[in-house]
Structures are given as structure tokens and as C-alpha cells.
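I have placed the structure first, in the form of C-alpha cells, so that the comments after it can refer back to it.
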Amino acid sequence: MTCSPECSCCQAHEQRIQWLHDKVLDEINVYRKILRMNALKSLDTFSQREYKRRHSQHLIPSTTSIQSMPPEVLDRIASYVQGENLLQLCSSVPYYKYISKAILNLRFDSATARSPRSARIDNWEGIENVFGALPAILTVSTHHVYSWDELDTFLSLIKNSKKTVRELQLNFGNLQAAGHDTTSQTRAVKLLKSIPVRTLGITARVPVKIKQAVHLFPKLSYLELSSPEDCNGILLSQCMHLQEIVVENLYSSNALLWKTPMLQLLDAVKESRVRKLTLLNWMIHGQLTRLEGISLFFLQQGWHVQSAAGHTVTFVFKE
């Protein structure tokens, strides 16, 4: 069936096509004017025949770089760049330094500026607006989370992205005011289980429900604890890939009674696959506990000193 020239639907379609052509031509000429180029009279310039005819001609001098373009054009170009490619654009074109500086200074630590392949995130406010521009490898802290909804939003962003979480620091100190919402904790556990975290940091204020799910992290191989007591509630024997535990402080509440909680930790570790344990700080009341005394205590439990430097000592378990 062939429509007649008087067909209303065909006429409307042709008018629509012409309107789109005019709109595109107008926008092209706006930027050509900014670039001090002659205006185009039609889109025929982009036809295959016309392209071949002009192929050897430089409409813009060959020495002109993207950096020399007017700011209006550069900003327009940036608006079409996908978030995951934005940092690469910023590192390639000096003009876009203001974009990368704004993102990096607001969202990441100072190390990010030197290593655009990774970033540390500890300020989550409005993070969803720049998430696409973040590097592929992330170190994440929940220290500045103030609501369960905020936690849910960000964990969902990570889960649905292709980004790798190299390290996750769980600190729920600021969430105490939000209460112990069982439903929200269950949701958080479900999201955390779907994120392949290799290094996990735990503090005393992490809800027990979340601690009890640590063994469900599929690729967890490195666990950081603020103190020995932080292992309470973690099923170490079921952490199938866990290889090393790091304890930041030898004590927490009572500096003189560090042996009891440490002994509880070592007993739990014996039932796991962990064979390496590191203490980052064994200071008690501002004085260094004698390394010999600590070493003897660990040796009695089957742990031998592998290395010691400054305030850090590493033990390995030998049957």
C-alpha cells in the first residue's frame, strides 16, 4: 500500500524529520561560531560524497589541540563522557583539572590524586552523584554513615557496579543514634555478602548480626580488628579463605588485662585456617610492654615470632 502525497501521517513525519534536521544544524552552527568557523547551510556536508571531497582539507589547523578549544565546547564534551571514563579525560586534558580536583578533594583521601586507579571513600554524602567517576578499585569506610538508608544506598551502588572493593572498614559509631533496626541490618548483611571483599576491618560498634555474617564473605582473606574483643560474634572457624588477622591494639577497655581477651581470640583462631597474626601496637599506659613477655605468652599458645619492627610484631602458628 502506497500513501498519497496528501497523506496527513506522511506529511507530519516529514515535518518532524525536517524539524530535527534544523535543530541539529542550529546546534552545530552554534559551536562552529565559537570555533570561528563558517556556518553550514545544510547537513549535506556530512554526506559520504561530500566527506570524500573534503577529506584532505583541514577545517581546523592541524596544530590546534583540544586544550585550545573554548571552555563552552570543552564543557559540552565533558557532559557526554561516561562517568567511568571521566577521570581518564581529566588526566589527559589539563583544562578538566577542575573536575578531577573537585571530585578527588571532596570524596577521597590525598593518596587518590597520586593514584587515580584506586580511591578511599569515607564521606558518603551525595556519593551517588559521582559514583560513576570513581576508579575501579575502592577502599571503603562506614565511619561517616549516619543512617541505615545511606548505608543501603551505597552498598547497593557497589553491588550493582563492576568496581572492586579492596578493603572495607566497618565502623558503625555514628549509626548508634539511628537505633538497631533489625530489618535494615538484615538488608545490610544481604548486600555485604554479595560484595567480594578481601580485606575487612571490624570495630567494637559493629552490630552482632553483621559480625555473625562475616564468614559469608566469599573472598575474605585478611581481617583487621581494633582489639581482641572485636572477634566476639565472628565465626572464624567458618571463614574458609581467611589467612591472616591483624589486631590494631593489644587492649581496649582495660590495658592491664590484655591476656584474657587475647587468649579468647587465639582459641577461636585455632579452630580456623588462620596461621598468621599481627599486632600493630602493644603499648600499655604509654609504655612499651616488653616484647619478650608478649612473645613468651604467644609461644605458650603455639605462636612463634616471624618478624618484629617498631610497635609491630607478626606471629605464625606452628603445630
Side-chain angles (χ1 to χ4, degrees), residues 139 141-143 167-176 180 185 189 192 197-217 219-319:
T139 296
S141 170
T142 64
H143 180 67
E167 180 179 346
L168 176 61
Q169 293 289 336
L170 292 179
N171 185 326
F172 288 75
N174 292 319
L175 262 178
Q176 298 299 307
H180 300 282
Q185 290 184 23
V189 168
L192 287 168
V197 177
R198 294 187 180 276
T199 298
L200 179 67
I202 292 287
T203 67
R205 295 187 177 184
V206 174
V208 174
K209 190 175 186 66
I210 292 180
K211 281 188 176 184
Q212 291 174 341
V214 167
H215 67 284
L216 300 175
F217 286 37
K219 296 185 178 181
L220 182 63
S221 59
Y222 189 92
L223 180 63
E224 296 180 355
L225 304 174
S226 292
S227 66
E229 292 94 327
D230 291 334
C231 76
N232 297 334
I234 302 177
L235 303 177
L236 295 177
S237 62
Q238 297 184 33
C239 295
M240 304 307 296
H241 301 285
L242 186 60
Q243 300 174 1
E244 181 178 358
I245 292 179
V246 174
V247 179
E248 184 176 353
N249 295 295
L250 189 60
Y251 65 93
S252 59
S253 57
N254 193 324
L256 299 178
L257 301 177
W258 61 270
K259 291 185 179 181
T260 299
M262 180 57 71
L263 189 59
Q264 293 175 350
L265 172 60
L266 294 180
D267 288 341
V269 167
K270 285 182 180 180
E271 303 299 325
S272 72
R273 300 189 179 189
V274 176
R275 290 299 178 265
K276 188 174 183 179
L277 193 150
T278 298
L279 298 179
L280 297 183
N281 183 2
W282 60 79
M283 292 188 68
I284 297 181
H285 286 321
Q287 300 294 325
L288 285 177
T289 303
R290 294 183 61 184
L291 181 57
E292 292 82 356
I294 294 178
S295 300
L296 179 59
F297 169 80
F298 276 84
L299 184 60
Q300 292 171 345
Q301 313 305 320
W303 292 82
H304 299 251
V305 176
Q306 183 185 56
S307 62
H311 296 177
T312 301
V313 58
T314 297
F315 300 92
V316 292
F317 183 77
K318 298 180 180 180
E319 301 288 352

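Nothing fancy with the numbering, it's 1 onward along the sequence. Note that the structure is a prediction, hence the values are computed from the model and not measured.
- Here the shortest heavy-atom pairing between Val214 and Cys239 reads CG1-SG, 4.4 Å.
- Note that the CD1 atom of Ile245 and the CG atom of Asp230 stand 11.5 Å from one another [nearest 0.5 Å].
- Phe298 pairs by the ring-ring contact (aromatic ring centres under 6.0 Å, His included) definition with Phe315, not counting sequence neighbours.
- Here Ala268 pairs with Leu236 under the side chain to side chain contact (heavy atoms under 4.5 Å, CB included) rule; sequence neighbours left out.
- The CG atom of Leu216 sits 12.0 Å away from atom CE of Met240, with the distance rounded to the nearest 0.5 Å.
- Residues Gln306 and Lys276 meet the side-chain proximity criterion, which asks for heavy atoms closer than 4.5 Å.
- Applying the salt bridge (charged side-chain N to carboxylate O under 4.0 Å, His left out) test to Arg273 and every residue at least two apart in sequence or in another chain returns nothing.
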Query raised in the report: Given Leu280 and Val313, is the side-chain contact (heavy atoms from CB on, under 4.5 Å) satisfied, shown in steps?
Result: CA-CA 7 Å; Leu280 297 183; Val313 58; over 6 Å; no

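- In this structure, the side chains of Val316 and Arg275 stay at 4.5 Å or more apart for every pair of heavy atoms.
- Between Phe317 and Lys270, some side-chain heavy-atom pair lies under the 4.5 Å cut-off.
- Looking only at side-chain heavy atoms (C-beta outward), Ile202 and Ile234 come within less than 4.5 Å of each other.
- In this structure, Asn232 CG and Gln212 CD are separated by 11.0 Å, a value rounded to the nearest 0.5 Å.
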Query raised in the report: Yes or no on side-chain contact (heavy atoms from CB on, under 4.5 Å) for Gln301 and Leu263, after CA distance, side-chain angles and deciding distance?
Result: CA-CA 8 Å; Gln301 313 305 320; Leu263 189 59; 3.5 Å; yes

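- Of the inter-residue distances, the one linking Ser226 atom OG with Glu248 atom CD reads 5.0 Å to the nearest 0.5 angstrom.
- Exactly one of Asn249, Ile294, Thr312, Val246 qualifies for a side-chain contact (heavy atoms from CB on, under 4.5 Å) with Leu279. That residue is Ile294.
- Taking every heavy atom of both residues into account, Phe297 and Lys259 meet most closely at CZ-O, 3.8 Å.
- In terms of the side chain to side chain donor-acceptor pair (under 3.5 Å) criterion, residue partners of Thr278 (sequence neighbours excluded) are, by chain and number, Glu244, Thr314.
- For Glu271, the side chain to side chain contact (heavy atoms under 4.5 Å, CB included) partners are Ser237, not counting sequence neighbours.
- Side-chain contact check for Leu277 versus Leu266: some heavy-atom pair is nearer than 4.5 Å.
- Looking at heavy atoms from C-beta onward, Leu170 lies in side-chain contact with Leu200 at the 4.5 angstrom threshold.
- Taking the side chain to side chain contact (heavy atoms under 4.5 Å, CB included) definition, one finds that Leu299 meets it with His304, sequence neighbours left out.
- Looking at Gln264 and Asp267, their side chains never come closer than 4.5 Å, going by heavy atoms from C-beta outward.
- Under the side chain to side chain donor-acceptor pair (under 3.5 Å) criterion, Glu167 pairs with Gln169, sequence neighbours left out.
- With contacts defined as side-chain heavy-atom distances shorter than 4.5 Å, the pair Val206/Asn171 does not qualify.
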